[in-house]
Every structure is written in structure tokens, then in C-alpha cells.
Amino acid sequence: MIAKIVVLFFVPMCLFSQELSYERAQLFCKELITRGEHLDEFVDPDDLQMSNRLGIEYKDVKYKYLISYNMEQIRSDENFEIEIISLRDNYSKLLLKLPQSKIHKEFYFKGRNLVSPMTYFTQNWEFIESEHFCFIISDTICFNSCCIDVLETFFSKMCKDLGFSPLMVERIRDKKIRYYLCKNENEINNITGFHIRGMYDLAYDYIITTFNAHYHELVHLLVNYKLQTLPLYTHPFFQEGIAVAFGGRGGKEPNVILDLGLFLQKSKMLDYSELLSKTGFYQQDASLSYPLCGLYTAFLIKEVGIEKYLDLYLKYSGTAKEIDNSAISEKDLPPVSAWQEYLAGYEKVRNIDFKFTLKEKQMIYQAPNCKIYNDSLYYEFCVKDTVLLTAKNIPVNYKSKKYDEIFSDENYRGEKYLIMANENEVSIYNLYTNNLIACFSSSFSIPYESVPFFNGLYKFRVLKDVLDGKLTGFPVK
């Protein structure tokens, strides 16, 4: 009986001691503002380990897990006010207010210890693991196993392109790339404070995104992992250039974005040299600067190799002030003649074109509104406007956001590819990743071309690699 009484009293006291007290919150904020030596003692051990799991470090950054809080803007002698808001499951939110600088910061705690906002907001999300990824998913109906396959394939390719050692690959296999799939931009904003479609979280090396296959942000992570120790800031021409060259941007795969870069350079709307200073880079809209710096980066890596490219990447990295005042020297880049030669070769191979010179081709599908021919390298299409192609293995309980966006009044039935054609454009989507995987636009063609039209059908051909090279046998709707 006595033992039972002791237990009944001991358990509540133990639980109470694990809550964030006002005194501990004050000590944390004081340590934070004065840049103290003991902040790690306030951090949840699991979160601290998560932040350091891939070994990526940033020069002059003492507490990596605080990168996203921009603490450098806070003076060390500021007075502060705090408020603690209790949340579910022994979590709490600490509001730090600095009246002098009019700065408010929010921190999440589990019991007595600081945790990432992701730890709190995603605690009930679905976890799915693959060989190198841990997917944390808000709504599993928006995700399918094909996305795992394409990301694993992309990761394997990047390991070779970046020159990962076997030990580096093994570490990721053990520690995993954490890939948070959110339902929409509002959900990302709720978690991170940024209303964006996707991001690479430097503090914890997380991918946080609305895209099933967000290669661009994954490249950012893998470049930092390759370098291991680097400055926090990098010239955007290099930082965004490599992410675009290998990973495309915002639901558009690399070839789509790089084709736009080719048009910008050929049309003289924009020249890569205008992007070599940080100021010049950000004077341009990202829809222009990213494609062209991506195309130039693809050229630069081909010309000098990945190791020398990464040397340049580091050379033009540094403090925020150093990058603000930096400009890439033309002396560090190949001669303009080499760039011109690369451009001439690049435009010879297009994913979608109208060169109907194939003599030996086989019809693999025929219907009034669609005909498909096959040869060793291309599929040739004749379509009225829209074609949906289904795969042999349709994902179960999956809903394509891109399909719903385009066909809001129709039910999605597991189609893999969407091809849309009109006089001015051909667009091809992979509905399993929701990415635009190939595109032709008359507006971006030099000289101007429109999509050929014969007997009521638009005619064009597509490189087989765009469609996984295995279209034969797919039923067409």
C-alpha cells in the first residue's frame, strides 16, 4: 500500500518537472541573446543529433540549429520579454519579444528542451523510409511509390556527378535524407514562416516541399554534404546555378528550364555576364536569372569538371557582407568562344522537335484523335489537343495535384503522362511527380516555329528518354 502511494505522488511530480518553467525559459533567452557558451544544454538531444547527423558545418556559425532564427540581428545587450504558451503533448511555444528592435521570435520546446518547429508540427505525419530517404508526409494521398523510385535514382546519379565516396553514401544510407512533403504553401508557411513551395532547411538539412520530386532543393543539400564545411553564404550564380543545372526549378525539370536559358542568351534578352555580381543577379527576375545561370553552370561543369567547379563555388562563398560586394571574375571562367561552341551544340538536341525525317517507324497506337509512332530514339505523336497515358502499374490511393489543377471537374484515374498540344506549345507532364518534363513554346523559339498541323492533328516527336523509354503497350485515353 505504501509503495502504491509513493508511486501515485511521484509520477505527477516527475511529469511536472519536465515542463518548460519560466525560469528555464529566461535562462535560455539570456544565453541566446548574449551568445553564451551553454546553449546546447537547452536543446533536445535527439534534435541536436538530427542537426549534426550529416556532418555539414558552416564557418563562423556556432549553433547550426539556430540558423533560421537570424540571431545576428539581435544586440547582445537588449532587454527582452517572454511568454510561454502551453501546447499539446507536453510541447510549448516560447515567445521572445525584444521591444527596442521590435523583433519577435518563436521557439518550440518539448518538455524543458528546445526542438525544431518541424518536430512539433509533424509529430503525427506518416513516415515512409527508403534506402536513402525518410519521407515525412502530411497527406499520403498526394504521394506514391514512384516518387521514391525517381528520387532514389536521382540521388544515385548525383552521388556519381558530385563524386561521393562510398563512406559518404553509406552515411546517408544510415542517417537518411529527411524529406517533408507538405500539402500546400500555407502548410509550409505555418511550419517555417515562409510562404514558398519548397526549401532546403540549413539548420537541420531537411527538404521541406510541396513537390513530390523536388530535385532543386535536394541538390542544395547534396552540394553542402559534398563540401561538408563551407561558409554560410554563396554567390547566387553558383549556388542556384548548380541546383538548376542538375535539378531544374519549381516543378520544371532541368531540360525545360535550361531551354529557356538558351532562348534568353540567343535572343540577347539577357547575357550571363549580367549575372556575375550579386547585385546584377538579383536585379533580374528569378524566372530569368535562374535558367541562364543554370545553363551556364551546365557548361562550366562540362568544361572544367565538378571538382574545379566546387573550388569556384567555395571561392565565391563567405560572409553575407563579402557576398554582397562580390563579383565573379571573367578570369575564373572559360573563354567566351567555348561558351558559344557549347550553345551551338546544345540546341542541336531537343526533347521535342518537328524533324520528321525518320524512314523506319512503327505505329504503336491509332485512334481518331491520336496516333503514335515508334523508332529507336523517338516517339512521334499526332494529336488533336490532349493525350493521357496510363502506366502498367497504377499507384494505389494516389491523387495527382497537377491533374486536379488542369482538370478540376474530372476524376483522376492513375494516368502517368499528360501531353497537351496547340498551335504554340507542346507540354508534357509526369503526373506521378507532377513535374513538367518537356516543353516546346513558340514564344521561346529562334527562329520562330509553330507546332505543325496536319489533317486536324498537331504533329511532333519526343525523345524516348523523356517518357522513360517504355511507352509501347500503354493504353491511351
Side-chain angles (χ1 to χ4, degrees), residues 50 53-56 122 125-182 197-201 204-226 242-256 306 391-402 414 416-417 429-438 464-470:
M50 187 64 67
R53 74 190 188 285
L54 298 181
I56 301 172
T122 66
W125 289 19
E126 185 78 18
F127 279 65
I128 299 175
E129 282 199 0
S130 65
E131 185 175 6
H132 300 101
F133 291 82
C134 177
F135 299 95
I136 304 95
I137 305 164
S138 173
D139 186 355
T140 54
I141 200 170
C142 298
F143 189 75
N144 64 80
S145 59
C146 297
C147 303
I148 299 175
D149 294 338
V150 297
L151 283 169
E152 284 285 358
T153 299
F154 182 80
F155 171 76
S156 296
K157 178 182 181 298
M158 288 305 302
C159 288
K160 295 177 181 177
D161 290 340
L162 291 174
F164 283 7
S165 68
L167 285 177
M168 293 184 75
V169 178
E170 181 60 34
R171 183 170 190 169
I172 288 186
R173 183 181 292 114
D174 178 42
K175 301 300 183 181
K176 307 296 184 188
I177 295 168
R178 306 272 293 193
Y179 194 102
Y180 289 85
L181 182 64
C182 302
R197 294 180 295 176
M199 63 180 288
Y200 164 41
D201 178 16
Y204 286 87
D205 300 310
Y206 294 158
I207 305 299
I208 306 169
T209 182
T210 58
F211 293 106
N212 284 359
H214 205 158
Y215 307 123
H216 180 101
E217 300 302 335
L218 183 54
V219 173
H220 283 314
L221 185 157
L222 295 177
V223 168
N224 288 8
Y225 181 63
K226 166 69 176 179
I242 191 169
V244 171
F246 286 123
R249 181 173 183 256
K252 298 178 179 65
E253 298 206 358
N255 70 82
V256 176
I306 191 64
K392 292 181 180 179
N393 299 311
I394 297 174
V396 178
N397 298 325
Y398 166 67
K399 191 173 184 180
S400 167
K401 290 199 292 186
K402 179 57 66 174
K416 183 174 184 179
Y417 295 113
Y429 291 91
N430 182 327
L431 296 176
Y432 291 174
T433 64
N434 295 308
N435 285 351
L436 180 65
I437 57 177
K464 281 188 170 182
D465 287 347
V466 171
L467 302 170
D468 297 336
K470 298 178 181 178

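- Using a 4.5 Å heavy-atom threshold, the side chains of I306 and I242 count as touching.
- Using a 4.5 Å heavy-atom threshold, the side chains of L222 and I177 count as touching.
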Side-chain atoms of residues 133-142: list all donor-acceptor pairs with protein atoms under 3.5 Å, sequence neighbours left out, distances to 0.1 Å.
unit_1	atom_1	unit_2	atom_2	d
S138	OG	E187	OE1	3.0
S138	OG	E187	OE2	3.0
D139	OD1	I141	N	3.2

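- To the nearest 0.5 Å, atoms NZ (K175) and OH (Y225) are separated by 10.5 Å.
- Around atom NZ of K176, more than 12 heavy atoms belonging to other residues, nucleotides or ligands sit under 6.0 Å away.
- Pairing each heavy atom of R171 with each of G55, the nearest pair is NH2-N, 3.3 Å.
- By the 4.5 Å heavy-atom criterion applied to side chains, L467 and N430 are not counted as neighbours.
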Inset, instruction - Please report the C-alpha distance between Y180 and T209 in whole Å, then the side-chain angles of each, then the deciding distance to 0.1 Å, and finally whether the side chain to side chain contact (heavy atoms under 4.5 Å, CB included) criterion is met. - result: CA-CA 6 Å; Y180 289 85; T209 182; over 6 Å; no

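- Rounded to the nearest 0.5 angstrom, M199 CE and I207 CD1 are separated by 9.5 Å.
- Side-chain contact check for R178 versus R53: some heavy-atom pair is nearer than 4.5 Å.
- Looking only at distances, a side-chain donor or acceptor of S165 sits under 3.5 Å from a matching main-chain atom of M168.
- Side-chain contact between N212 and N144 is present, with heavy atoms from C-beta onward closer than 4.5 Å.
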Legend entry - E170 vs I172, side chain to side chain contact (heavy atoms under 4.5 Å, CB included): CA-CA, chis, key distance, verdict: CA-CA 5 Å; E170 181 60 34; I172 288 186; over 6 Å; no

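- Partner of Y215 under the ring-ring contact (aromatic ring centres under 6.0 Å, His included) criterion, out of Y179, F246, F154: F154 alone.
- When atom types are taken as modelled, the side chain of Y398 and the backbone of Y432 share a donor-acceptor pair closer than 3.5 angstrom.
- A side-chain donor-acceptor contact under 3.5 Å links K401 to the backbone of T210.
- For K226 (side chain) and L162 (main-chain N/O), a donor-acceptor pair under 3.5 Å exists by modelled atom type.
- The shortest heavy-atom contact between E152 and E131 is OE2-N, 3.1 Å.
- Side-chain atoms of T433 and C146, non-hydrogen and from C-beta on, never get closer than 4.5 Å to each other.
- Between F211 and H214, the angle of the ring planes goes over 60°, which puts this pair in the perpendicular group of the 30/60° scheme.
- In this structure, N434 contributes its side chain and G251 its backbone to no donor-acceptor pair below 3.5 Å.
- Residue G250 comes nearest to R197 through the heavy atom pair O-NH1, 3.6 Å, listed as atom of the first residue, atom of the second, then distance.
- Closest heavy-atom contact between A245 and P254: O-CB, 3.7 Å.
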Inset, instruction - Check step by step if ring pair (Phe, Tyr, Trp, His ring centres under 6.0 Å) holds for Y200 and Y206. - result: CA-CA 6 Å; Y200 164 41; Y206 294 158; 9.6 Å; no

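- Here the CG-OG distance, from D149 to S130, works out to 9.0 Å after rounding to the nearest 0.5 Å.
- Closest heavy-atom contact between D205 and L221: O-CD1, 3.4 Å.
- What you find for A213 and V150 is that their closest heavy atoms are CB-CG2, 4.1 Å.
- No side-chain heavy atom of V219 sits less than 4.5 Å from a side-chain heavy atom of E217.
- Counting only heavy atoms from C-beta outward, the side chains of Y417 and L431 never approach each other to under 4.5 Å.
- When atom types are taken as modelled, the side chain of H216 and the backbone of G248 share a donor-acceptor pair closer than 3.5 angstrom.
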